[in-house]
Protein chains: 2
Amino acid sequence: MGVTIYQVARAAGVSPSTVSNVLNGRDGRMLPETRSRVVRAMQDLGYRPNHAARQLRTGRASAIGLVVPSVANPFWGAFAQRVEAAALTHGQHVLLCNSERDPDRERAYVDELWAEGLRAIVLCTSLPSLDHLADKISAGLRLVAFDRTAQLGDPDQVINISIDNVLGTKMATQHLLDLGHRRIAFISGSLGSINRKERHRGFVEAAAAAKLGDGAITWAADDDDFADLDAAALGRAAVAELLQRPEELRPTAVLTINDMTALGVCAGARTAGLTPGRDLSVIGFDDILLAELAWPPLTTIRQPLDAMATAAVDYLRADPDGAVTAPSVLIRPELVTRDSTGPATA
Amino acid sequence: MGVTIYQVARAAGVSPSTVSNVLNGRDGRMLPETRSRVVRAMQDLGYRPNHAARQLRTGRASAIGLVVPSVANPFWGAFAQRVEAAALTHGQHVLLCNSERDPDRERAYVDELWAEGLRAIVLCTSLPSLDHLADKISAGLRLVAFDRTAQLGDPDQVINISIDNVLGTKMATQHLLDLGHRRIAFISGSLGSINRKERHRGFVEAAAAAKLGDGAITWAADDDDFADLDAAALGRAAVAELLQRPEELRPTAVLTINDMTALGVCAGARTAGLTPGRDLSVIGFDDILLAELAWPPLTTIRQPLDAMATAAVDYLRADPDGAVTAPSVLIRPELVTRDSTGPATA
DNA sequence: CTGTTAGCGCATTCAA
DNA sequence: TTGAATGCGCTAACAG
């Protein structure tokens with residue numbers, strides 16, 4: 001069924017090990033002429049390397065493992081699409097895993113991928129600690145932690161790729177302040193994960209700098225009542241509660257942990273008879289495809305996913321022996337102004 | 001690094017081949033007692049089968065290949081999440097491929113997966129013909145064609161899983177008729193793919209049965225100006241054009257090829273100063289997560305994704321030697337009534 | 001009912 | 001600079 005290096009070797013008049021050397025870029029061990037003869041033979045015969053055999057021999061698989069909370073979430077779906085595209089440019093495949101934000105599941109996936117020989121994993125995690133991966137990492141696992149900034153005590157060699165969350169919510173808060181809002185709510189699920197804490201911090205700091213005082217309202221779910229896909233429901237619930245407050249305590253603008261929650265807030269506001277963008281300003285985070293499609297189109301903080309996905313795959317492929325020069329990549333967010341935010345009216 | 005069947009065999013006091021037999025469910029070839037001894041040894045040693053070795057030996061990989069247009073599209077993201085979940089219950093992994101609706105890319109992916117030993121593929125395709133896969137299928141490829149109904153001349157052994165598209169748009173059209181609408185537009189990208197043709201047919205037939213005559217308007221993009229992710233832009237463009245028509249030719253209700261397009265229609269209607277659900281009824285297709293979140297919440301035809309994904313994975317795992325008793329699974333759509341459709345006012 | 005054995009395709013010593 | 005030989009972990013004859 002498949003062409004083997006033996007057939008290639010015979011066709012090129014060399015030994016199998018020479019073909020193997022060509023395959024593995026050990027060009028120094030042969031004459032350029034020999035090399036080109038081998039390459040030609042591979043093309044003529046339509047040779048394709050057998051990944052299973054290579055993996056059996058080396059113990060390493062070439063695919064990239066991708067662990068996301070859930071590709072059903074449009075943000076992660078978009079990210080997964082870009083990771084796959086970036087991997088494809090290197091001829092690598094992507095193994096898809098949905099952790100559903102369950103830490104046990106997340107760990108089990110990484111264990112499983114490791115046991116299967118995968119040595120390159122993009123882990124989209126909100127876990128504060130990566131200690132449980134330290135042994136694998138020192139044993140050769142290339143791990144990109146995505147959407148999570150570097151933490152003290154992280155294993156060396158872990159590469160963190162994330163937006164600058166603090167800056168992002170600062171920009172969002174500032175935008176609202178510039179529009180004249182003085183009572184602003186930050187809405188989020190439980191503040192357990194790193195990036196949520198950071199986004200919250202950006203809000204708190206920007207609000208403090210503007211001396212908002214009690215005008216800075218934090219609404220965070222206590223525990224994990226809301227799963228990943230319930231972000232919208234969370235927004236709905238939060239806004240329903242906030243709008244019941246007496247007018248002098250009621251926010252005129254809302255900043256959410258992500259776009260899905262913002263969409264929920266918009267829906268909740270409408271249920272309460274308010275028009276988002278006019279009676280209540282709403283700003284999201286992520287800039288998912290649907291942010292632009294919502295009514296009103298959602299002002300949000302964009303995460304440049306293309307750049308992030310490409311960076312992730314590049315690091316995974318970097319020379320394993322090379323020094324990791326950039327242990328952490330902090331990407332700059334962008335404010336995208338659309339119609340869901342407007343001047344303060346109250 | 002790994003425990004092998006030899007170690008298990010030694011621990012259980014049997015030969016490696018007996019362990020292999022246990023692994024492969026050939027229970028008939030050993031005493032129950034022997035079997036349990038082996039199982040115990042596997043647990044004690046923490047044995048995990050080496051997929052690469054197994055694949056090298058058998059030529060078959062155990063992962064499932066999933067080819068979707070793009071997981072960045074919320075519908076396909078949701079589907080991918082469910083396929084992965086279904087595969088996980090069998091301990092199988094999912095290899096993710098985004099075809100971006102490029103037929104060449106789609107074919108290249110299938111070739112690649114096949115060459116890598118994958119023998120189970122879920123192919124979400126709009127291609128009318130599957131002839132190019134016939135040879136692989138007869139050579140043992142298990143292929144589930146998703147979102148595509150069976151066609152005359154399809155290779156045997158292909159399993160088609162799809163909703164009943166004709167019924168779906170009939171239900172949608174009927175819903176609009178029941179609300180009193182007499183000028184209804186069907187909006188879609190080019191009608192090249194099977195399921196689009198079918199959805200269109202459902203609309204045409206229901207409209208004809210209601211003697212709508214010129215009141216049944218088909219708006220379909222000529223060629224593929226709009227890629228998968230531009231569905232919303234397509235809806236916007238279509239509605240902008242339709243609303244410019246003289247009043248007696250202007251639709252009072254719109255039925256779209258999918259929810260993303262419907263969301264675009266809603267946005268376009270608002271741009272034109274109309275309120276969806278009041279001035280223009282809009283009904284989508286799919287029931288993606290965001291349909292409920294839109295404003296107004298979108299009436300739509302639901303595709304029961306869970307059932308569809310489970311069916312796909314089950315068929316992939318069915319006994320390869322068993323007769324394929326259900327070459328085609330036609331799933332019943334459900335009308336989900338929300339606020340984007342209302343009585344005809346014009 | 002259980003054990004022995006011979007590769008699957010490749011990478012990698014070690015010799016030449 | 002190249003070649004011959006070995007084994008990664010497993011399955012499937014086949015022999016016992």
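Residue numbers begin at 1 in each chain, while the letters A, B, ... track the order of the sequences.
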Exercise for the section: Would you mind telling me which residue lines up with the more 5' stretch of DNA chain C, B/Gly28 or B/Thr58, judged by nearest nucleotide? Expected result: B/Gly28
Handout entry: B/Arg48 with A/Glu116: basic N within carboxylate O range, under 4.0 Å
Key = no
Problem - B/Arg10 CZ to C/dG3 P, straight-line distance once rounded to whole Å - result: 14 Å
Completion exercise
Taken to the nearest whole Å, CG/B/Leu31 to P/C/dC1 is 6 Å
Handout entry: A/Glu106 and A/Thr125: side chain donor to acceptor below 3.5 Å
Key = yes
Exercise for the section: Respond yes when some side-chain nitrogen or oxygen of B/Thr4 is under 4.0 Å from OP1 or OP2 of D/dG9, and no when none is. Expected result: no
Problem - Euclidean distance, atom CD of residue A/Glu116 to atom P of D/dC10 [Å, nearest integer] - result: 12 Å
Problem - Euclidean distance, atom CG of residue B/Asn50 to atom C1' of D/dT11 [Å, nearest integer] - result: 13 Å
Handout entry: Whole-Å gap separating P (D/dG9) and CG (B/Leu23)
Key = 14 Å
Fill in the blank from the handout: Whole-Å distance, A/Ile5 CD1 to C/dT12 P, equals 11 Å
Handout entry: Phosphate OP1/OP2 of C/dT2: any B/Thr34 side-chain N/O under 4.0 Å
Key = yes
Exercise for the section: Output yes when at least one side-chain N/O atom of B/Ser17 is less than 4.0 Å from OP1 or OP2 of D/dA12, else no. Expected result: no
Handout entry: Rounded interatomic separation in angstrom, taking CZ from B/Arg60 and P from C/dG9
Key = 14 Å
Exercise for the section: Name the nucleic acid region contacted by A/Thr18, choosing base, sugar-phosphate or nothing; use a 4.0 angstrom heavy-atom cut-off, strictly under. Expected result: sugar-phosphate
Practice task
Ignoring backbone atoms, test whether B/Asn24 places a side-chain nitrogen or oxygen under 4.0 Å from the OP1 or OP2 oxygen of D/dT11.
Solution key: yes
Exercise for the section: Specify the residue among A/Val14 and B/Asn21 whose closest nucleotide of DNA chain D lies further upstream toward the 5′ end. Expected result: A/Val14
Handout entry: Heavy atoms of other groups near B/Asp156 CG, more than 12 under 6.0 Å
Key = no
Problem - Donor on one side chain, acceptor on other, B/Ser162 and B/Asn160, under 3.5 Å - result: no
Practice task
Could you tell me whether the phosphate oxygens of D/dC8, OP1 or OP2, come under 4.0 Å of any side-chain nitrogen or oxygen in B/Arg57?
Solution key: no
Exercise for the section: Would you indicate, yes or no, if C/dC8 has its OP1 or OP2 atom less than 4.0 angstrom from a side-chain nitrogen or oxygen of A/Tyr6? Expected result: no
Problem - Nearest-nucleotide 5' precedence on DNA chain D, A/Pro16 against B/Arg48 - result: A/Pro16
Exercise for the section: Taking atom types as modelled, find out whether B/Gln81 and A/Asn98 have a side-chain donor-acceptor pair closer than 3.5 angstrom. Expected result: no
Exercise for the section: Would you tell me if any nitrogen or oxygen in the side chain of A/Arg54 comes within less than 4.0 Å of OP1 or OP2 on C/dA11? Expected result: yes
Practice task
Look at the side-chain N and O atoms of A/Arg35 and state whether any lies under 4.0 Å from the OP1 or OP2 oxygen of D/dT1.
Solution key: no
Exercise for the section: Take atom CG of A/Leu56 and atom P of D/dC10, then tell me their distance rounded to the nearest Å. Expected result: 9 Å
